[in-house]
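Counting starts at 1 for both ligands and their atoms, following the listed order.
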Amino acid sequence: MHVIVLGAGVVGVTTAYYLARDGHHVTLVDRNQGVALEASYANGGQLSYSYVAPLADPGVWPKLLPWLLSPSSPVRFRPQLDPRQWRWCLQFLAACRGTRSAETTRHLLRLGHASRHLMHELLAQEPTLDCAYTNSGKLVVYRHAAALNGARRQVEFQHGLVADSDYRQEVLDSATCLKIEPALAGLHGQIVGGVHTPSEDTADCYRFSVGLLARIRAAAAENQCLFDTSIERLRVSRGEITGVETSAGLLEADAYVLASGCDSARLARPLGLSLPIYPLKGYSLTAPISDPHAAPTLSVTDFQHKIVYARLDGQLRVAGIADIGGYDLSIAPRRLATLLAEARNAFPGAARYEQSQGWAGLRPATPSGRPILGHSPYRKLWLNVGHGALGFTLSLASGRALADLIGGEAPFVELDGFTLPGAESSARSR
Ligand SMILES: Cc1cc2nc3c(=O)[nH]c(=O)nc-3n(C[C@H](O)[C@H](O)[C@H](O)COP(=O)(O)OP(=O)(O)OC[C@H]3O[C@@H](n4cnc5c(N)ncnc54)[C@H](O)[C@@H]3O)c2cc1C
């Protein structure tokens with residue numbers, strides 16, 4: 001079968017990789033000059049299989065005012081004259097119910113741990129894949145007792161939901177946090193404790209995607225990458241996608257996978273398909289490590305400031321911030337300065353911060369935090385969109401499941417909770 005994958009971020013590349021491995025002929029289309037040059041470029045690098053609780057939870061309500069008013073808050077709302085932003089925000093608030101958030105966590109844990117299994121399988125099959133992978137383990141640190149108590153409840157809730165023998169989470173006091181991650185000395189006196197999960201991994205998402213691209217190309221001579229090619233419109237006739245109009249002309253295939261990140265909603269709209277995806281803008285900085293003992297070995301998340309730290313070979317990656325304010329990709333110096341100040345406070349002397357590379361990316365977020373996967377209401381069109389803050393982590397299970405479906409198999413992981421209600425039957429009946 002010939003499959004066109006629309007978008008070469010980590011989600012599109014992973015899907016194309018599994019399709020190519022299954023013997024399909026794939027064409028990857030992207031407007032950039034290579035893979036993973038948008039949201040997948042310099043993300044936090046955390047393969048966060050177990051920390052999947054969505055942003056939309058009941059804890060949001062007391063934080064709403066600071067989000068609206070404080071220019072330095074980790075989440076910020078910048079109102080736009082765009083009804084899609086307001087609709088997304090209302091859907092987000094509706095998703096902030098305890099039962100809804102717990103249900104999302106349950107579904108995402110299933111997908112996250114399926115990804116963990118696939119990541120390890122992939123690394124065993126592709127031992128030369130060079131992506132700064134480490135089984136770093138993750139330590140999430142808390143600055144207030146109430147937040148640490150909330151984390152303890154979350155650990156208890158998740159206990160028993162994951163059928164993975166390596167999965168273990170431990171709540172630690174601050175002294176033990178500093179013992180297992182001595183580089184946290186800079187936060188001595190500022191943290192009250194943490195949660196440690198040894199089974200979490202880190203890797204460089206860009207290098208991972210570049211590595212998979214080489215394997216897609218090597219899998220078959222007819223696999224193609226159309227870069228510098230803008231996707232303009234999907235053609236539809238009698239309930240079936242018949243082609244995709246691009247700046248390189250009309251492309252036709254047996255199946256099409258929409259994996260266009262934040263642009264997926266715009267591309268789906270003319271089909272009458274409303275995908276609730278809106279950009280959550282985030283920032284990162286990457287600085288060369290100058291003192292390996294002062295840089296964290298574990299991947300660390302500062303829960304209150306929502307900042308993540310990962311060591312990617314000789315670089316320290318610092319990422320965070322979620323600005324709900326449109327599609328603009330410019331780097332706001334004040335937001336980047338916040339990240340830099342936090343990194344200097346947490347890990348002083350760890351890196352040559354003055355040489356930091358700043359970056360901003362748009363997380364393709366759904367209000368609930370769940371990606372949308374599987375059938376669309378149109379024959380031949382498949383969806384792999386809306387991975388929000390967890391796209392690197394979830395790309396493996398999502399890509400594998402899509403390849404299964406397109407190949408006519410049952411997906412290797414249950415997609416309940418991620419599919420568009422009624423899409424499969426409506427594709428059949430059109
Ligand atoms: C600051 C930050 C930190 C993050 N940290 C983590 C983390 O630690 N762990 C984690 O798992 N996730 C993390 N994420 C989330 C993760 O990066 C995203 O979920 C993921 O990159 C989304 O991948 P994607 O392929 O769906 O989108 P993208 O990477 O944006 O890919 C979409 C592709 O489609 C192409 N495209 C779109 N429209 C068109 C068009 N019309 N024509 C042609 N091409 C088009 C784009 O060029 C792009 O290459 C983070 C994100 C940010 C911003």
Let me have the donor-acceptor pairs involving side chains of residues 309-320, under 3.5 Å, with sequence neighbours excluded, atom names and distances please.
unit_1 : atom_1 : unit_2 : atom_2 : d
Y309   : OH     : E342   : O      : 3.4
R311   : NE     : P296   : O      : 3.0
R311   : NH2    : P292   : O      : 2.6
R311   : NH2    : A295   : O      : 3.0
D313   : OD2    : R207   : NH1    : 3.1
D313   : OD2    : R207   : NH2    : 3.0
R317   : NE     : T286   : OG1    : 2.7
R317   : NH1    : N43    : O      : 2.7

S101 (side chain) donor-acceptor with R97 (main chain) under 3.5 angstrom: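 No, because the side chain of S101 does not come within donor-acceptor range (under 3.5 Å) of the backbone of R97.
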
Polar side-chain atom of S48 near backbone of Y51 as donor-acceptor pair, under 3.5 Å: yes

Side-chain heavy-atom pair [X], [Y] within 4.5 angstrom cut-off:
{"X": "S115", "Y": "L47", "answer": "no"}
{"X": "L373", "Y": "T419", "answer": "no"}
{"X": "H2", "Y": "E252", "answer": "no"}

Measuring from the heavy atoms of [X], does anything fall under 4.0 Å of ligand 1?
{"X": "L390", "answer": "yes"}
{"X": "S284", "answer": "no"}
{"X": "I321", "answer": "no"}
{"X": "G388", "answer": "yes"}

Minimum distance, heavy atoms only, to [atom]: which one of [options] is it?
{"atom": "atom 38 (N) of ligand 1", "options": "D263, D228, V29", "value": "D263"}
{"atom": "atom 16 (C) of ligand 1", "options": "N43, T14, L394, V385", "value": "N43"}
{"atom": "atom 49 (O) of ligand 1", "options": "L37, V11, D30, L258", "value": "D30"}

For [atom], closest protein heavy-atom neighbour:
{"atom": "atom 44 (N) of ligand 1", "result": "R31 N, 3.1 Å"}
{"atom": "atom 2 (C) of ligand 1", "result": "R363 NH2, 3.7 Å"}
{"atom": "atom 3 (C) of ligand 1", "result": "G44 N, 3.4 Å"}
{"atom": "atom 9 (N) of ligand 1", "result": "Q46 O, 2.8 Å"}
{"atom": "atom 29 (O) of ligand 1", "result": "S40 OG, 2.5 Å"}
{"atom": "atom 34 (O) of ligand 1", "result": "G7 CA, 3.4 Å"}
{"atom": "atom 42 (N) of ligand 1", "result": "I231 N, 2.8 Å"}
{"atom": "atom 30 (O) of ligand 1", "result": "A39 N, 3.3 Å"}

Which bit of [X] gets closer than 4.0 Å to ligand 1, counting heavy atoms only: side chain, backbone, both or neither?
{"X": "A389", "answer": "backbone"}
{"X": "R266", "answer": "side chain"}
{"X": "Y283", "answer": "backbone"}

Show which atoms of ligand 1 fall inside a sub-4.0 Å distance from at least one heavy-atom site of [X].
{"X": "V10", "value": "23 (O), 25 (O)"}
{"X": "G261", "value": "26 (O), 27 (O), 32 (C)"}
{"X": "G361", "value": "53 (C)"}
{"X": "S230", "value": "42 (N), 43 (C)"}
{"X": "F392", "value": "10 (C), 11 (O), 12 (N)"}
{"X": "T229", "value": "43 (C)"}
{"X": "G282", "value": "1 (C)"}

Residue among K138, Q158, H113 satisfying side chain to side chain donor-acceptor pair (under 3.5 Å) with S50: H113

Short N-O contact, R116 and D166, less than 4.0 angstrom: yes

Sidechain N-carboxylate O distance under 4.0 Å for R31, D263: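 Here R31 pairs with D263 in a salt bridge, since their nearest N and O are under 4.0 Å apart.
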
G391, any N or O under 3.5 Å of ligand 1 N or O: yes

Closest heavy-atom pair and its distance - Q46, S299: NE2-OG, 2.8 Å

Flag for Q304-R143: side-chain donor and acceptor within less than 3.5 Å: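 Distance-only check fails for R143 and Q304.
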
No-hydrogen, no-angle side-chain donor-acceptor test under 3.5 Å, Q355 and Y353: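 No.
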
Set of side chain to side chain contact (heavy atoms under 4.5 Å, CB included) partners for P182, sequence neighbours left out: none

Within 45° cone and under 6.0 Å: K380 NZ/CZ vs Y378 ring: no

Centroid separation F77 to W86 less than 6.0 Å: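 They qualify: ring centres under 6.0 Å apart.
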
